[in-house]
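Please read the structure below before turning to the comments.
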Amino acid sequence: MKIIVCVKQVPDTSGVVAVKEDGTMDRAAMATISNPDDMNALEAALQLKDADKDVKVVVVSMGPPPTESMLRECLAMGADEAYLISAREFGGADTWATSSTLTAAINKIGVDKDDIVMCGRQAIDGDTAQVGPQIAEKLGLPQVTYVTAIDYSNGRLTVRRALEDGYMTIGVQTPCVLTCIKELNEPRYMSVSGIMGCYAKPYTVWDFNALSDDPAITVEQVGLKGSPTQVYKSFSPPVKGKGTMMEGADKAACDQLVSILGEKHII
Amino acid sequence: MDFKLTKEQEMLRKLFHDFAENEVKPLAATVDEEEMFPAETVKKMAKLGMMGIYFPREYGGAGADYLSYVMAVEELSKVCATTGVILSAHTSLCCNPIFDYGTEEQKQKYLPRLCSGEWLGAFGLTEPGAGTDAQGVQTTAVKNENGDWVLNGSKIFITNAGYANVFIIIAITGVVEKRGRKQKELSAFIVERTDPGFSVGKHEKKMGIRGSSTCELIFEDCVIPGDRMLGRQGKGFNEAMATLDGGRIGIASQALGIAEGAIDETIAYTKERVQFGRRISQQQNTQFQLADMYARTQAAKLLVYSAAMKKQNHEPFSMDAAMAKLVAAETASDVTRRCVQLFGGYGYTRDYPIERMMRDAKITEIYEGTSEVQRMVISGAIGVK
């Protein structure tokens, strides 16, 4: 059994968002982290590997060369193999072009009968939650989104899916695509020996030419050119002032509120 | 001297930093307040391979290097000096001498269990009459008719004692004549917690590193098998001194971490605290104080890393370790005291971690060789006699 986990290096949105002149984010100017939901997907894959040593965990990411640092961290957490899909042609991709490129890479890695493709629900930079489902459609595989629990026993895969007001437990055939959310697990740390071994594990970089046998990979269909959506503008929302919290619902609290509003000449 | 970290070392620092921030920092105040040994944290550290960082994989270690271990103690100590010293004493004072002086059988028996964190290690040299003067040791080890060693005596101020499973103990095995003077012959032994006649005594109530378990060890006709001597008979003093040389780098890393952690806390506080209509970080006194503290701490860091690199490269490092510990410890004490001053009244309360850091820093000037001992080592090494 092989589990292919799609991971993304994203800007640390707890800091300031830097924007380039063309309106896209200046990723190079921002600190990066591994996308949190993707780490839940990786943890789920590693847990299946913990339970069955024959499970192989492969991580794949599209991004600029510094993405290697995130992939090495995935290897140090316990993944077996990593692929970086990186080329100028792939830059500026929206979700459609991204999923086409990742699908080509996943097809090249190969999806066998009992394999699973796992993604995080969404990345914290775009917040679209579209890439996982698009990959499933383009691979022609069944998909379950918002996965909060996974049980794999006797060759049967049963997953619990979060809905707005409850959960749904679903049996799903492999191969399939699962998108994972935070509730699923607590991602593990890298280990010291994992770090010491991560540069010896298989690590492959695929550029445009490496994937160009795939009919979906042409200059017109990937990257900014192949993106039906174009970012018009990115910006940090203006910082709101700190509010004041008042406790209690009694007369004293109301008097205090009236007095504060009065002082500011609001009432 | 090049301190550019390797890619693996960068990743290890990130791991230790994230672990310290997420798992250690939230418990630090409770560990201090309740004198709680953070056993659960130690288990988590063990799971990540932090209890045997620089030992080879064949002995259960993680196969990293000495500088990485130093960074682990440093990162832990930035947020909790108790957790830092638990790792330091276990690694430098117990695993390290077994690795350096143990027989193959001893290494195979003890290192995998110590490195995996199944067992915790400790080291016992200090006695009521033997601190800085190691020749004052009174604990004896006598071989009986079965070839076993029988230990009698006691040790005090032993770090990790309440939770350790393996202890490296220095005891008198005879008398030798050196330059016409009779001297005690000291040897090192491996004592297990379950050995008959061994017990852990009084738990010390301390000023700082209050969660660290510091206790008395008691040997009452404690019988251990004949093959538990560590290294050669009569070499115990040299082995203890060499072990403490390494231990000093560990404690220097702890002191460095305390100073760095205090500076981090103080920078954050002074950017929030407003007095006279502006943040106190905008006052030149705050800026100059923190600039001084940061520069001194970085200087200490270079000494600590330099000593670590020398040990790693098997170069003589005794004086380097002494200089690193002397400077790092005195920097930690000075920096934390000044940080409390910048915090003002709030810094004196337990609502903020800075008073704990000041209490924790003091011990680094005392244990594993006082600052005065470090000065003795350094002055001896530069020929001032």
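Just so it is clear: chains get the letters A, B, ... in the order the sequence lines come, proteins before strands, and each one is counted from 1. These figures come from a predicted structure and were not determined experimentally.
- Counting heavy atoms of neighbouring residues, nucleotides and ligands inside a 6.0 Å radius, atom NZ of B/Lys310 does not exceed 12 of them.
- At a heavy-atom cut-off of under 4.5 Å, chain A is reached by B/Phe16, B/Asp18, B/Phe19, B/Asn22, B/Glu23 from residues 16-23 of chain B, listed in order of number.
- Remark: B/Glu8 CD to A/Tyr199 OH distance equals 6.0 Å, nearest 0.5 Å.
- Looking at B/Lys47 and A/Arg188, their side chains never come closer than 4.5 Å, going by heavy atoms from C-beta outward.
- Annotation: A/Lys201, atom NZ; neighbour count of heavy atoms from other residues, nucleotides and ligands within 6.0 Å is above 12.
- Counting heavy atoms of neighbouring residues, nucleotides and ligands inside a 6.0 Å radius, atom CD of A/Glu186 does not exceed 12 of them.
- Heavy-atom minimum distance, A/Met196 versus B/Leu12: SD-CD1, 3.9 Å.
- Contact tally against chain A (heavy-atom pairs below 4.5 Å) for B/Ile53, B/Thr6, B/Leu48: the top residue is B/Leu48.
- Within residues 60-83 of chain B, the residues having any heavy atom under 4.5 Å from a heavy atom of chain A are, by residue number, B/Ala62, B/Gly63, B/Ala64.
- Within residues 249-257 of chain B, no residue has a heavy atom under 4.5 Å from a heavy atom of chain A.
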Sequence neighbours left out, cut at 3.5 Å: what donor-acceptor pairs do the side chains of residues 65-79 of chain A make with other protein atoms?
from, atom 1, to, atom 2, distance (Å)
A/Thr67, OG1, A/Pro64, O, 2.6
A/Glu68, OE2, A/Arg72, NE, 3.0
A/Glu68, OE2, A/Arg72, NH2, 3.1
A/Ser69, OG, A/Gln9, NE2, 3.3
A/Ser69, OG, A/Pro66, O, 3.1
A/Arg72, NH1, A/Cys198, O, 3.1
A/Glu73, OE1, B/Lys14, NZ, 3.2
A/Glu73, OE2, B/Lys14, NZ, 3.3

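- Residue A/Tyr203 qualifies as enclosed at atom OH: its count of foreign heavy atoms under 6.0 Å is above 12.
- Within 6.0 Å of NZ in A/Lys49 there are more than 12 heavy atoms belonging to other residues, nucleotides or ligands.
- By the neighbour-count criterion of 12 heavy atoms within 6.0 Å, atom CZ of A/Arg88 is sparsely surrounded, having that number or fewer from other residues, nucleotides or ligands.
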